Amino acid sequence: MMGGSPGRKFRDALQAERPLQIAGAVNAYAAMLAESAGFRALYVSGAGVANASHGLPDLGVTTLHDHVEEVRRITSAVGLPVLADVDTGFGGAFNIGRTVREMIAAGAAAIHIEDQVAAKRCGHRPGKAIVSVSEMADRIKAAADARTDPDFVIMARTDAIAVEGMDAAIERACAFVEAGADMIFPEAVTTLDDYRRFASAVRVPVLANLTEFGKTPLFTAEELAAAGVQLALYPLSAFRAMSAAALRVYRAIREEGTQRSVVGLMQTRAELYDILKYEEYERKLDLLFEAERSEPS
Ligand SMILES: C[C@](O)(C(=O)O)[C@H](CC(=O)O)C(=O)O
Ligand SMILES: [Mg+2]
């Protein structure tokens with residue numbers, strides 16, 4: 001187990017694996033599943049917080065508190081470093097400072113903050129609008145200034161490719177690094193060559209967002225490594241799979257009057273307990289009660 005602050009652990013994980021694969025986890029149990037599958041880092045997706053926890057679209061409706069709460073639940077359940085999506089930072093400079101402090105207190109290792117206007121959209125949908133380079137640079141400065149742990153990672157996301165094109169997006173990314181961003185998340189990249197261009201221009205780690213049904217092809221880790229990408233994000237992959245499976249189960253029960261045809265889709269009780277370390281808890285209870293019984297009254 002690597003030691004240090006969550007930010008340190010995230011930076012160490014990046015050294016241990018190229019690209020560092022980061023798994024989206026929509027709740028604490030999903031985080032445990034990802035940990036058991038061997039991931040070294042986790043992601044709290046803004047879309048995940050909105051869709052999975054609140055039944056809302058990813059349109060800037062959720063609050064700092066909603067995101068922090070999700071991070072806290074996950075960092076309480078697993079020891080892996082967590083990258084948290086904070087959308088546009090939840091307000092002006094003071095709000096962004098508060099966002100960073102609250103995220104550090106909740107145990108996050110890193111945040112990504114984007115250059116969309118506050119009424120943000122999913123990065124893979126049309127109709128995005130972005131703030132000026134200087135306004136976004138101010139967001140980064142406010143975030144970096146609020147850091148209470150120097151290893152806490154501030155990642156700048158730019159949504160500019162869809163709005164202003166590749167050249168402008170690369171120029172922006174360079175300005176954000178200048179303003180203090182530790183890593184860059186270019187959103188909705190469409191080719192490996194574009195990743196290569198980003199990686200060689202910014203000289204800090206670049207993240208590829210491999211969200212399904214979006215604008216970025218599902219490049220492999222190997223392809224991304226060859227293009228100089230250092231972080232590979234799978235924000236909603238497990239959530240999409242869980243949702244499809246859940247709907248099949250709900251429908252089968254309604255249509256067939258029994259769940260028998262879909263039991264094969266389910267994780268068994270034994271598998272669930274294995275992930276939760278249920279038996280360890282039971283043993284602890286037994287020991288506690290034994291101790292109580294043997295205490296003289
Ligand atoms: C990465 C992302 O910001 C998220 O909130 O998970 C989304 C993912 C998605 O909507 O597929 C985004 O790319 O905007
Ligand atoms: Mg998001």
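Just so it is clear, the model here is predicted, and its values are computed rather than measured.
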(message) Please report the interatomic distance CG(D286) to CD(E279), rounded to the nearest 0.5 Å.
(response) 11.0 Å

(request) Of all the heavy-atom pairs spanning D159 and V163, show the shortest one and how long it is. (result) O-CG2, 3.6 Å

(request) Working to the nearest 0.5 Å, report the span between CG of L288 and CZ of R283. (result) 13.5 Å

(request) Answer yes when D145 and R147 have at least one side-chain N-carboxylate O distance shorter than 4.0 Å, and no when they do not. (result) no

(message) Tell me whether E178 at atom CD has more than 12 heavy atoms from other residues, nucleotides or ligands lying less than 6.0 Å away.
(response) no

(message) For E17, is the CD atom crowded, meaning more than 12 foreign heavy atoms sit under 6.0 Å from it?
(response) yes

(request) Go through the steps to decide whether D12 and R40 satisfy the test salt bridge (charged side-chain N to carboxylate O under 4.0 Å, His left out), and finish with yes or no. (result) CA-CA 10 Å; D12 288 345; R40 288 192 166 97; over 6 Å; no

(request) Verify whether one side chain among Y273 and R269 offers a donor that lies under 3.5 Å from an acceptor in the other. (result) yes

(message) Checking the side chain of R203 only, and the main-chain atoms of A199 only, is there a donor and an acceptor separated by less than 3.5 Å?
(response) no

(request) Using the side-chain contact (heavy atoms from CB on, under 4.5 Å) rule, pick out the option among M155, M103, R157 that qualifies with I111. (result) M103

(message) Can a side-chain donor-acceptor contact be found between T62 and H54 if the only test is distance below 3.5 angstrom?
(response) no

(message) Apply salt bridge (charged side-chain N to carboxylate O under 4.0 Å, His left out) to residues D58 and K120 and explain how you reach the verdict.
(response) CA-CA 8 Å; D58 182 20; K120 61 142 292 160; 3.7 Å; yes

(message) Using modelled atom types and a 3.5 Å cut-off, is there a donor and acceptor pairing between side-chain atoms of R101 and backbone atoms of T148?
(response) no

(request) Rounded to the nearest 0.5 Å, what's the gap from CG on L247 to CZ on R251? Could you check? (result) 4.0 Å

(request) Decide, yes or no, whether a salt bridge links D193 with R197 under the criterion of side-chain N to carboxylate O below 4.0 Å. (result) no

(message) Any donor-acceptor pair under 3.5 Å linking the side-chain atoms of R73 with those of S53?
(response) no

(message) Working to the nearest 0.5 angstrom, can you tell me the gap between D87 CG and E114 CD?
(response) 5.5 Å

(message) I'd like to know if the side chain of D151 reaches the main chain of G7, judged simply by a donor and an acceptor atom lying under 3.5 Å from each other, with no hydrogens or angles considered.
(response) no

(message) Rounded at 0.5 Å granularity, tell me how far CD1 in I74 sits from OH in Y43.
(response) 11.5 Å

(message) For P235 versus L210, what's the shortest heavy-atom pair and its separation?
(response) CD-C, 4.4 Å

(request) Could you tell me whether the side chains of T158 and E187 share a donor-acceptor contact shorter than 3.5 Å? (result) no

(message) Listing request: all ring-ring contact (aromatic ring centres under 6.0 Å, His included) pairs with a residue in residues 162-215, at least two apart in sequence or in separate chains.
(response) H112-F185

(request) Starting at CG of N51, measure out to OG of S45 and round the result to the nearest 0.5 Å. (result) 7.0 Å

